[in-house]
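First the proteins, then the strands, lettered A, B, ... as listed; each starts at 1. For the numbers below, each heavy atom of this structure counts, side chains included, while hydrogens, waters and symmetry mates do not.
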2 protein chains.
Amino acid sequence: MGKTPPGRTRERVFRFVRQRLLSGQPPTVREVQAQFGFLSTQTAREHLERLVRDGRLRKEPGQARGYRLPGSEFGGGGRSGRGPPLKGPPLKMVPILGQVQAGVPITAVEDLEGYVPIEDSSTSSGELFGLRVRGESMRDAGILPGDLAIVRQQSTARSGEIVVALLGDEATVKTFVRARVKTHRGARIELHPAHPDFAVIVPDPDSEDFHLLGRVIEIRRRL
Amino acid sequence: MGKTPPGRTRERVFRFVRQRLLSGQPPTVREVQAQFGFLSTQTAREHLERLVRDGRLRKEPGQARGYRLPGSEFGGGGRSGRGPPLKGPPLKMVPILGQVQAGVPITAVEDLEGYVPIEDSSTSSGELFGLRVRGESMRDAGILPGDLAIVRQQSTARSGEIVVALLGDEATVKTFVRARVKTHRGARIELHPAHPDFAVIVPDPDSEDFHLLGRVIEIRRRL
DNA sequence: TCTCATACCGTACAAATGTCTGGCATGGGT
DNA sequence: ACCCATGCCAGACATTTGTACGGTATGAGA
């Protein structure tokens, strides 16, 4: 193997490693070596280490297939042993629920559409689930029918947050508002649509027909 | 470690391995061992091998971190046939680009914000990347400033598709339209905003200042 | 010329990791 | 009782893989 222009080969090495990492199969040093026909593992290693020094790759020293992409911190499972320092993966598979019912733990719901991957670095303990948006009532907030709402289960919310509430047996996405009302002791709850044709809903917080399912933390739309 | 109900532990092992694979980090036998507190690597191995025999996992014998999800070569996907209905979507980590330039291969861009996980079952060969949306010009299509657009690199598009185009050195998200014009031979290209205050853009397809970067396949908004 | 950096090769060694052989205990069935 | 499958442990061995130390050759500058 002769020499190649400076940086030329390294660029190709990066692409190769990157492709492998993106598809879930971290390469070994020797796989990189073979891919480019290097006659020495050291050559591959030098390229890799250089990419790490340049911040284009990250690595877990000593681990087999230890090269990673920078940016998102993947990691091993929740650590319990003393082994290498690995972090918990912020990546989760979130179930998309076909229908929601009050009081039914989402983990027990069988009627699900599938799973979507989501990065969840938050430490909040609420379970996550996905819900398909129906209706135009949040149109002006950029939430359209068919969108997938990622919801964190919680029974309270702050004013202005977009939430999923269960009214009767219907799940609905609205902006949660605590309105100060002088006539009452305390505040009252309102569910605001984001569309001129829809009216504000004022549920009775104590009613059996009203349940706050959680807060919408992300909207996804497939085109 | 005492005994546990039949299959109980194996189910947990499977979930652990699956989670790791989905996040791009195949576990070692010993990592599984540590995760569940087994005192022997063999115990972990037996669970893993059993999962392979049951078709729930696949493996590359002899390779370090050689366990895979069945179906596809990568993160998972496809069906495996037997066993519980567990499909693993083909999962990739997609780079979020801070800025885009014409002619620069996305793999060479260093200025990236991070990576997001995305399911890509399509067989299209175009590379994927993420781009932060700026401006209000697509507001009425439910695409707001700060949204993350997932883009598949391609140099052509069909009329009506939402695309990312490079005008000069500015990347912009618009609806791609092929307008039939009688005066010309062939059609002309238009980039339509989705906001009354913005005007249709009619780029010169042959200009150096116009490049079609790709098609928007998904919109994500963090709330 | 001399240094220095880049690009590559050769050959090891040691750690990480996959694999194997043998054993123990429990429970279900015959 | 016997057989057999399951769940687990113990201790090794062999391969894969990361890492280290040293070498050759070329080109850019000082």
Asks: Rounded to the nearest 0.5 Å, what's the gap from CG on L69(A) to OH on Y67(A)? Could you check?
Replies: 13.5 Å
Asks: Taking all non-hydrogen atoms of both residues into account, name the closest pair between V133(B) and A149(B) and its distance.
Replies: CG2-CB, 4.1 Å
Asks: With R10(A), which residues qualify under side chain to side chain donor-acceptor pair (under 3.5 Å), at least two apart?
Replies: H47(A)
Asks: Quickly work out the F38(A) CZ to dT6(C) P distance and round it to whole Å.
Replies: 15 Å
Asks: If you take atom types as modelled and just measure distance, does the side chain of Q42(B) reach the base of dC8(D) with a donor-acceptor pair under 3.5 Å?
Replies: no
Asks: Could you check whether the side chain of T41(B) and the base of dT17(C) have a donor-acceptor pair of N or O atoms closer than 3.5 Å, going by distance alone?
Replies: no
Asks: What is the nucleic acid contact for R50(B), judged by heavy atoms within less than 4.0 Å: base, sugar-phosphate only, or nothing?
Replies: sugar-phosphate
Asks: Send over the distance from E49(A) CD to dT19(D) P, rounded to a whole Å.
Replies: 6 Å
Asks: Could you tell me how far apart L39(A) (CG) and dA25(D) (P) are, to the nearest whole angstrom?
Replies: 15 Å
Asks: Under 3.5 Å, is there an N or O donor on one side and an acceptor on the other linking the side chain of S40(B) and the base of dA10(D)?
Replies: yes
Asks: Under a 4.0 Å N-O cut-off, is there an ion pair linking E31(A) with R65(A)?
Replies: yes
Asks: In whole angstroms, how far is the C1' atom of dG7(D) from the CG atom of L48(B)?
Replies: 14 Å
Asks: Is there a side-chain polar atom (N or O) of R45(B) under 4.0 Å from OP1 or OP2 of dT19(C)?
Replies: yes
Asks: Can you tell me how far C1' of dT16(D) sits from CD of E31(A), to the nearest Å?
Replies: 10 Å
Asks: Does a nitrogen or oxygen in the side chain of R30(B) sit under 4.0 Å from OP1 or OP2 of dA16(C)?
Replies: no
Asks: What is the nucleic acid contact for T28(B), judged by heavy atoms within less than 4.0 Å: base, sugar-phosphate only, or nothing?
Replies: sugar-phosphate
Asks: Applying a 4.0 Å non-hydrogen cut-off, can you work out what R10(A) is touching in the nucleic acid: base, sugar-phosphate, or nothing?
Replies: sugar-phosphate
Asks: How long is the line joining CD of Q33(A) and C1' of dG18(D), in whole Å?
Replies: 12 Å
Asks: Of E46(B) and Q63(B), whose closest DNA chain C nucleotide lies nearer the 5' terminus?
Replies: Q63(B)
Asks: dT19(C) phosphate, OP1 or OP2: any side-chain N/O from K59(B) under 4.0 angstrom?
Replies: yes
Asks: State which residues pass side chain to side chain donor-acceptor pair (under 3.5 Å) with R220(A); sequence neighbours excluded, sorted by chain then number.
Replies: E218(A)
Asks: Can you find a side chain N or O atom of H47(B) that sits less than 4.0 Å from OP1 or OP2 on dT6(D)?
Replies: no
Asks: For R65(B) and dT19(C), give me the distance from atom CZ to atom C1', rounded to whole Å.
Replies: 17 Å
